[in-house]
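Here is the structure we will look at, set down as structure tokens.
Predicted model, so just to flag it, every value in this text is computed and none were measured. As a basis for the values below, the full set of heavy atoms in this structure was taken, side chains included, without hydrogen atoms, waters or symmetry mates.
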Amino acid sequence: QVQLVESGGGLVQAGGSLRLSCAASGRTFSSYAMAWFRQSPGKERDFVAAISGRGDRTHYADSVKGRFTISRDNAKNTMYLQMNSLKPEDTAVYYCAGKNAPYGSRWYDEYGYWGQGTQVTVSS
């Protein structure tokens, strides 16, 4: 079992930066591939980025490629999402997710563990 808690959301102007964190409980964090998803009101939960359990493989949604960076520190049981050059369309609740597998994917129904979400609002 893994429990996930996000932090780092907030209000930022367009062009600014934020770093989200996802703290995980448990002693086998490195066994879990992790990902970030986001959801805006009235829309489906969209894939943002994923990272393998060892942190050696990452992939991103086209909409954030080159602006966002996913990373993890297995010694600290924490995953991060560095978000730069933020746009108003990045406004959403951001969720971290975990799956007990070595590699991540962009399909939300493959993830069995979810955080409660953190709001990111980008003003124009």
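- Thr78 places a side-chain N or O within donor-acceptor distance of the main-chain N or O of Lys76, the cut-off being under 3.5 Å.
- Arg72 places a side-chain N or O within donor-acceptor distance of the main-chain N or O of Phe29, the cut-off being under 3.5 Å.
- In terms of modelled atom types and a separation under 3.5 Å, the side chain of Arg45 and the main chain of Gln39 share no donor-acceptor contact.
- Between Thr69 and Leu81 there is no side-chain heavy-atom pair separated by less than 4.5 Å.
- When atom types are taken as modelled, the side chain of Ser52 and the backbone of Gly55 share a donor-acceptor pair closer than 3.5 angstrom.
- Val120 and Tyr95 fall into different hydrophobic clusters, where Ile, Leu, Val, Met, Phe, Trp and Tyr residues are linked whenever their side-chain heavy atoms come under 4.5 Å apart, directly or through other members.
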- Can Phe37 and Tyr94 be said to form a ring-ring contact (aromatic ring centres under 6.0 Å, His included), step by step? CA-CA 6 Å; Phe37 289 79; Tyr94 283 70; over 10 Å; no

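- Annotation: cation-pi pair Lys65/Tyr60 absent, no NZ/CZ under 6.0 Å from the ring centroid and within 45° of its normal.
- The 12-atom threshold is not exceeded at OH of Tyr108, counting heavy atoms of other residues, nucleotides or ligands nearer than 6.0 Å.
- Using a distance-only test at 3.5 Å, with no hydrogens or angles considered, no donor-acceptor pair links the side chain of Arg57 to the main chain of Gly53.
- Within the 3.5 Å criterion, the main-chain N or O of Phe68 finds no donor-acceptor partner in the side chain of Gln82.
- No donor-acceptor pair closer than 3.5 Å links the side chain of Thr58 to the backbone N or O of Ile51.
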